[in-house]
2 protein chains.
Amino acid sequence: MVERDIDDLPKNPANYMALTPLWFLERAATVHPDRLSVVHASLSYTWADTYRRCRRLASALSARSIGPGSTVAVIAPNVPAIYEAHFGVPMAGAVLNCVNIRLNASTIAFLLEHSSAEVVMVDQEFFPLADEALKIIADKKKGEFKSPLLIVIGDESCDPASLRDALRRGAIEYEKFLESGDPEFAWKPPKDEWQSIALGYTSGTTSSPKGVVLHHRGAYLMALSGALIWGLNEGAVYLWTLPMFHCNGWGYTWSLAALCGTSICLRQVTAKAIYSAIASHGVTHFCAAPVVLNSLVNASQNEANLPLPRTVNVMTAGAAPPASLLAAMSRIGFRVTHTYGLSETYGPCTVCTWKPEWDKLPPEAQARLHARQGVRYIGLEGLDVVDPKTMVPVPSDGKTIGEIVLRGNIVMKGYLKNPKANREAFENGWYHSGDLGVKHPDSYIEVKDRAKDIIISGGENISSLEVESVMYLHPAVMEVSVVAREDERWGESPCAFVTLKEGVDGSKEGELAEDIMRFCRAKMPAYWVPKSVVFGPLPKTATGKIQKHVLREKAKKMGPVRKSRL
Amino acid sequence: MVERDIDDLPKNPANYMALTPLWFLERAATVHPDRLSVVHASLSYTWADTYRRCRRLASALSARSIGPGSTVAVIAPNVPAIYEAHFGVPMAGAVLNCVNIRLNASTIAFLLEHSSAEVVMVDQEFFPLADEALKIIADKKKGEFKSPLLIVIGDESCDPASLRDALRRGAIEYEKFLESGDPEFAWKPPKDEWQSIALGYTSGTTSSPKGVVLHHRGAYLMALSGALIWGLNEGAVYLWTLPMFHCNGWGYTWSLAALCGTSICLRQVTAKAIYSAIASHGVTHFCAAPVVLNSLVNASQNEANLPLPRTVNVMTAGAAPPASLLAAMSRIGFRVTHTYGLSETYGPCTVCTWKPEWDKLPPEAQARLHARQGVRYIGLEGLDVVDPKTMVPVPSDGKTIGEIVLRGNIVMKGYLKNPKANREAFENGWYHSGDLGVKHPDSYIEVKDRAKDIIISGGENISSLEVESVMYLHPAVMEVSVVAREDERWGESPCAFVTLKEGVDGSKEGELAEDIMRFCRAKMPAYWVPKSVVFGPLPKTATGKIQKHVLREKAKKMGPVRKSRL
């Protein structure tokens, strides 16, 4: 008879604690009290400062009975206060909801009401927006509405009038609020690592925004996993081009505390500002959507501070970077890591891990491999491409399209107050991404399209992404987005919206469109070739994603492609 | 009324899985199937191979009803099989017990009986030892004894006779055993991350060995934390000088799978073999006790393959590396990271994080800072130095000695079948290390001694470590260990055991001892100066730790220091 007591050793306070990224901050302040934590224009804080400021924030919130179950909304660009909120809010036990600053007042009103925000921290520039959103709720709720505590974050680089106006309207200044808190506040870690730490709303391109709830355990694991995946080591210098309100900066807000790295804030993301920060702050890493990479590659001599003083690591996600863009970035000296993820997975959760043996391939082949979404993060336990009805994995042939499904510890807790969405999202023990993709023979996955972005022409599926990636090779194309347009003959056909590169003569649109279509015919199946090409700027979300639903609306207004055209 | 439903989202199979390092292996085999995983002499395996071999092992064990609650003992040096056991055994649900190969048969008998080992995997060279241990148990238990399943690991570099002998005595050959298993075995992760994954016995210098039980959660967190602390990045090449039976190779067995790195095995650790592996395998990282570093620094031209082809990262622990050693290592091109830990903390759990600003200090000052044990690992949540009775932290003055206490997720589950030891170890919500240390003004801790290694002379505490660190500066001293010797006048006084450097004329011991004492008198308080200096080789544990208890015995046999000598 074998004794089974090897598992009979209970948890105790010395060997079990809730996983939470909050300890990272305490550790950074202990190990590197004098190292820069956050730099913003002429402001700079050390880790000792940041820890004290976050404790002050937690203390001041606690004093106002903000704690477990409360939500604190932050409406701000990448300034120190939003970084501090990532620690100060959960140190009070509350949940952080960073709001996309490019939303309109009525959407923000929806979010604040849906999340029952008890505090709204808002950057002075965005105070009028927040104010308008709160008025919308007040008008709707009439006497029942209790306004949340309004805190305005001042910024020297903004017009002082907007700060004065906010104070006049009853907001407390953030620095004053911090002063009311105790810098030695005895914050408590969460009792349970499953406790919620953050809430983030999906962009809601298809329906009402959904509130994605994340927990301390996942934030901890994402922070470590994201650092390991990217080689973000001790003392990294990270440039905040990616908004922190986007999936908590893909978890790097917390990673940087774990690694005692330095955050360089950037209020306005421009190519010039990025090159300048790289030159002056020793930036080693930043994250950016492909559209930002595009602007770096196409920056004028005046904007680009070249050559780079060192290799700079860039993580990108959101859309597969076109081959030409990857090659151009590499020539400049950026090492691009391509990832894929969703708000529901704390940000990126797959990575196109680069293999040294690919270094020897020709650039085109490299770019094709690099454009894939790759393999699962260390912190994600399961990734597959399946038939969404039967859950049977597709063959690893690089061709058969299925739904990308994920599972593991960096998958969200669920959507707030949305049981129906939760049931659908978590059906059959996997999280359903809604993205369509293939699995290559080497196990790397590749996103082919959002389910709704597939164009069905004459019964054949066309991946709008694949059409776009070819069009990006055309010398005049700066950005392109392809959507379905109604077609009398084929049901749907591809319609391309194109922004031209600077210097390209856009006056002869007809000729240019013909040239682009000719280019496409030479490189893709005939039925993929866009039947319509429209020139102009592309509508984008706050995070730089092209808003295909806006383009789809435009295409709809254009009416169907007539048979006679053929 | 605020809705509190933000925490009301339950775990489900898509968003919660037990943390376990086992997924790292599956991931490595998916991402880098063709990359080398383990290299041993002329043998080399890829990650695809290793995954298949581990699944075979798990399958073969399962077929013999080895599963949850079972213990599998491994008695082997750093060969591929012990690496594979780190995954194959827990993939079957069982607990891995790696046994120190330098223990004697009666101690091994104690361990195998105490852990109720159902399987013993043993390297052919150590088969006679295992056989003898089992005989001891059989003799003791008489008819009641059911021999565990004996598996012998063959190694081409050993005498074939010992393998033949093992097979004759009924052992199954490891490769045959693997062949009986299914390479596609559908292993299951643990249901609960608190499930035990490994068992390791303390060296038992003070009492019977204690069985330290570790769990899947801790192994996962240690693997990630240890990689981040050290900058062990994707694709690292790790040399196994540290025995894997020592705290599972400080968790790097599992880290290497997470990072898809390559393990270079080393059956015999010599300076020549280390330099040769660095030159031929592209080694980037290895761990070693200071005694191994000593041998590298003192290697002959014939043994040392210099200059190093690249900076090589070395992690050390076990005793504070003396200043002279650190300086010499750095001159050769090794980057030494100094850590501290225990079997009870999965290996190292504090690290002397190097600060870039220290680069500018003079070498002596650098070495003094570097010799400290430092700050907590990312995966450890609490570290302090306290009065063990009151639990009040000592002041951060670098002087006041207290007990080093720790808590967090990389603290062991507990000791196997030892409630009394568990109560003592986990008293007051902290794990009590039994080590004495100080906290410096910059929060770095420094170990002053094991509680029992403090020498009390005339009522004053003398840290034997501090005496040693001065003695290491003497040009003739290769290694030194200082213990208490009975002293008629002072109660105790320091007694030094010294190994001389090669080339030093040891024939005139009296003169040399006088010279060393004179050297000490110039550099330390008079009462610290050893009253006795003894020359000869030092007794060591399997992991290269000097066995002070053996030296204390020697000092005891020498009798008290007479008053007349003064």
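Throughout, a chain's letter reflects where its sequence line sits, starting with A, and its residues are numbered from 1. Quick note: numbers below take in every heavy atom, side chains included, and nothing from hydrogens, waters or symmetry partners.
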Heavy-atom contact with chain A under 4.5 Å, split by part of B:Y220: side chain

Proximity breakdown for A:L383 and chain B, heavy-atom pairs closer than 4.5 Å: neither

Nearest atoms (heavy-atom pairs only) where B:Y431 meets A:A14: N-CB, 3.6 Å

Contact origin within B:I229 toward chain A - heavy atom pairs under 4.5 Å: side chain

Region of A:E357 in contact with chain B, defined by heavy-atom distances below 4.5 Å: neither

When A:L232, A:V375, A:D192, A:L406 are compared by non-hydrogen pairs under 4.5 Å with chain B, the top option: A:V375

Straight-line distance of B:L259 CG to A:L228 CG, nearest 0.5 Å: 6.0 Å

A:Y444 portion near chain B, given a 4.5 angstrom heavy-atom threshold: side chain

Chi angles and distances behind the side-chain contact (heavy atoms from CB on, under 4.5 Å) call for B:L9, A:H215: CA-CA 10 Å; B:L9 290 160; A:H215 48 65; over 6 Å; no

Under 4.5 Å from a heavy atom of chain A, the part of B:D442 involved: backbone

Residue among B:V213, B:N12, B:V95 with most heavy-atom pairs under 4.5 Å to chain A: B:N12

Contact origin within B:K146 toward chain A - heavy atom pairs under 4.5 Å: neither

Closest heavy-atom pair and its distance - B:R35, A:P356: NH2-CD, 3.8 Å

Pairs of heavy atoms under 4.5 Å with chain B: top-ranked of A:H32, A:M17, A:M412: A:M17

Expected output: side-chain A:N15 to main-chain B:K413 donor-acceptor under 3.5 Å: yes

Residues forming a ring pair (Phe, Tyr, Trp, His ring centres under 6.0 Å) with A:H216, sequence neighbours excluded: none

Heavy atoms of other groups near A:K11 NZ, more than 12 under 6.0 Å: yes

Minimum heavy-atom distance B:A258-A:I378, with the two atoms named: O-CD1, 3.5 Å

Top contributor to chain A interface from B:G374, B:G429, B:A18, B:G218 [non-hydrogen pairs under 4.5 Å]: B:G429

Close side-chain approach of A:L19 to B:L221, heavy-atom, < 4.5 Å: yes

Separation of A:W230 CH2 from B:E234 CD (nearest 0.5 Å): 15.5 Å

Which portion of B:N409 sits near chain A, non-hydrogen atoms under 4.5 angstrom: both

Proximity breakdown for B:P419 and chain A, heavy-atom pairs closer than 4.5 Å: neither

Contact class of B:W430 relative to chain A, heavy atoms under 4.5 angstrom: backbone

Donor-acceptor contact below 3.5 Å, side chain B:R27 vs main chain A:R376: yes

By salt bridge (Lys or Arg N to Asp or Glu O under 4.0 Å) - contacts of A:E193 (at least two apart): A:R217, B:R217

Part of B:L380 within contact of chain A (heavy atom distance under 4.5 Å): neither

Exercise: identify the closest heavy-atom pair between B:N233 and A:G231: OD1-CA, 4.0 Å

Donor-acceptor contact below 3.5 Å, side chain A:K355 vs main chain B:V31: yes

Chain A contact via B:T353 - side chain, backbone, both or neither, heavy atoms under 4.5 Å: side chain

Heavy-atom pairs under 4.5 Å with chain B, option from A:P189, A:S443, A:G408, A:A425 with the top count: A:G408

Which portion of B:P33 sits near chain A, non-hydrogen atoms under 4.5 angstrom: side chain

From A:Y16 atom OH to B:R407 atom CZ, the distance as rounded to the nearest 0.5 Å: 15.0 Å

